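Note that the structure is a prediction, hence the values are computed from the model and not measured. We name chains A, B, ... by the order of the sequence lines, and we start the count at 1 in each one.
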Amino acid sequence: MKTGKRRERIDRGIKVRSDGLYALSSWREIAYLLAPRTLLIGGFLLAPLLLLLFPYWQKVLLIVCIYALLAMAFDFLANYVGLVCLGGSFFVGVGGYGAALLNKYCGLAPFLSIPLAALLGAAFCTLLLLPCLPLRGVYFAIITLMYPLMATRIIEAFELFGGTNGMMDVAGFANPWIEQYFLVTATLLLLFGLRRLAVEDLGLVIKGIKDNDQSVRASGINITFIKAQAIFYAAFLGCFAGAYLAHVYMWAGLSMFALDFSIIPIAATVVGGGGSLMGAVLGAVLLVPLSEALRAFGPLRIVVYSLILTVVIVIKGEGLLNYLARKYSQFERWVEI
Amino acid sequence: MALLTVHGLGKKFGGITALNNIDFTIDEGEIMGIIGPNGSGKTTLINCITGFIRASAGKIVFEGRDIRGLAPHRIVNLGICRTFQIMRPYASLPAYKNLIIPLYSPRARKTGGWRGGGRHGDRNIIALDLLEEVGFERESKVPYKLAGTLPTGYLKRLELARCLALNPRLLICDEVFSGLSMSEIASMVPLIEKLNRSGVTIIMIEHRLKELFRVAKRVMAISYGDKIVEGTPEEVMANEKVKEAYLGA
């Protein structure tokens with residue numbers, strides 16, 4: 001056994017200085033604070049330009065954003081509200097069909113139909129999940145897993161909305177630039193919006209429910225109502241992603257309820273690190289291109305993908321972002337006991 | 001004037017009778033104590049009054065309105081607040097952020113005015129004020145520490161502060177003195193008295209009888225879900241049934 005030594009973590013000087021007002025007194029501190037945000041925002045905004053020569057990877061970027069939105073929704077529900085939601089694909093499906101319906105029957109252009117489908121779809125999902133809100137933990141997870149399966153079977157059995165063929169001829173975007181930047185800016189806005197919400201008073205109440213729901217009830221707050229609001233925000237992200245997909249594929253169909261939309265966001269959250277929303281985005285940014293790059297392995301792709309996931313989870317279980325954030329703000333040293 | 005009247009309250013868990021036909025009245029501005037051996041139904045009584053458990057029988061009338069069967073958050077918004085015997089802080093939030101949650105409730109917003117942190121108030125500042133009121137040193141780091149890292153004494157105070165944030169009419173304290181040192185209790189007693197002077201009616205469940213009798217003018221004793229006796233502390237302590245309940249026959 002090693003004795004006499006212990007690893008100690010200490011905040012970096014620059015971290016401490018930039019916590020206070022001093023941050024504004026030097027460029028170095030300001031840069032320290034702004035660097036991670038600038039990297040994220042700049043990276044997302046420049047990516048469509050940088051990928052100009054690789055149209056295939058431009059499409060991958062869109063999928064990254066879609067999964068980032070879904071991973072944010074999962075992370076928000078799991079680590080802020082305390083509800084493990086396996087129904088990400090239900091949100092996508094509802095949003096997708098909603099946008100297709102609004103576009104085909106009401107003649108709305110994508111710019112109207114996507115936000116509207118996200119709003120109405122989120123309201124619809126919240127309404128359907130309302131009876132499950134008193135449930136917790138694995139029970140809530142199982143019920144939410146059922147919803148997309150039920151939706152698929154119902155659409156199949158009653159031949160709703162084109163049955164198994166889905167709804168064709170949904171309007172696409174006029175131009176690929178609009179298509180790209182619409183989603184990229186929306187993702188960034190929703191990410192920072194949700195992060196802001198989490199530190200507002202409502203966000204604290206939501207966190208309180210995760211910590212101790214009885215205490216929130218004893219504080220005179222209707223927890224079902226607050227949980228419903230939280231579900232609404234998460235469903236909004238998912239439905240937005242689904243509505244956007246419907247306009248990109250120019251089609252809405254049963255595969256929007258596919259399990260991928262539920263599971264990959266969870267993997268992204270775990271790999272990226274939960275509890276900060278940024279980790280979920282980082283996870284999506286890493287996992288989706290990785291899964292594309294592994295196409296060379298053909299049928300073994302899933303095997304390699306799973307192996308990488310397993311290794312990452314075993315070695316860095318806390319999540320990559322949490323690890324990087326620690327390295328960014330703290331240093332370690334060995335000290336004598 | 002009676003603020004709260006409990007009439008024929010009963011609660012059964014399956015075949016076990018936890019509360020049987022409890023009657024009592026508490027007047028506005030009073031401090032009333034409830035005592036009884038372990039498992040006698042004191043906390044069940046509180047849970048029934050505050051709506052955390054649905055009573056099986058009887059009436060609970062608060063300010064002329066029957067509140068039996070209302071959801072807990074509705075009862076709180078009428079002005080009945082409780083502390084928990086086992087403290088329930090929000091461990092991942094700093095102590096003062098713990099109070100943002102009650103300040104967010106409809107009651108705090110309605111009754112608090114700017115102090116309730118409504119449109120013109122800053123909830124953070126009100127929270128720090130409230131913590132100072134219950135004995136957190138304002139200039140120290142304590143109010144900013146994560147609630148999960150605080151010792152019992154502070155957590156009990158935090159529970160009390162959570163109730164104060166709600167501007168209670170009736171405050172129900174479930175064993176606020178338990179687990180505290182003598183000096184901590186000594187500083188809690190004036191706090192309770194001060195609250196009472198400011199017009200809050202208080203029900204205290206307590207095992208620390210000496211401290212309870214300092215503040216409570218009227219005490220009710222229950223045992224096995226039955227009310228044994230009610231009266232001044234001296235009367236209750238002199239009662240044979242109470243001695244029997246505590247010490248055995």
* Does any non-hydrogen side-chain atom of Gln214(A) lie less than 4.5 Å from one of Phe84(B)? -> yes
* Kindly check if the number of other-residue, nucleotide or ligand heavy atoms within 6.0 Å of CZ (Phe124(A)) is above 12? => no
* Structure fact -> Between the CG atom in Asn98(B) and the NZ atom in Lys207(A), the distance rounded to the nearest 0.5 Å is 11.5 Å
* Asked: Around atom CZ of Arg326(A), are there more than 12 heavy atoms of other residues, nucleotides or ligands at under 6.0 Å?
  -> yes
* Asked: Does CD1 in Ile86(B) sit with more than 12 non-hydrogen atoms of other residues, nucleotides or ligands closer than 6.0 Å?
  -> no
* So do Leu204(A) and Tyr104(B) actually touch side chain to side chain, heavy atoms under 4.5 Å? -> no
* Contact part of Ser92(B) toward chain A, heavy-atom cut-off under 4.5 Å: side chain, backbone, both or neither? -> both
* Just wondering, more than 12 heavy atoms not from Lys194(B) lying within 6.0 Å of its NZ? -> no
* Asked: Is the backbone of Ile221(A) close enough, under 3.5 Å, to the side chain of Ser105(B) for a donor and an acceptor to pair up by distance?
  -> no
* **Ile226(A), part contacting chain B, at a heavy-atom distance under 4.5 Å** => side chain
* Do side-chain atoms of Asn212(A) reach the backbone of Pro89(B) as a donor and acceptor pair under 3.5 angstrom? -> yes
* Would you say Glu137(B) has more than 12 foreign heavy atoms packed within less than 6.0 Å of its CD? -> yes
* Atom group of Leu93(B) that falls short of 4.5 Å from chain A, counting heavy atoms -> both
* Whether over 12 other heavy atoms sit under 6.0 Å from Arg54(B) CZ -> no
* Report the distance from atom OG of Ser219(A) to atom CG of Leu99(B), rounding to the nearest 0.5 Å. => 9.0 Å
* Asked: Would one find more than 12 heavy atoms of other residues, nucleotides or ligands at under 6.0 Å from atom CZ of Arg136(A)?
  -> no
* **Heavy-atom closest pair, residues Arg88(B) and Ser215(A)** => O-OG, 3.0 Å
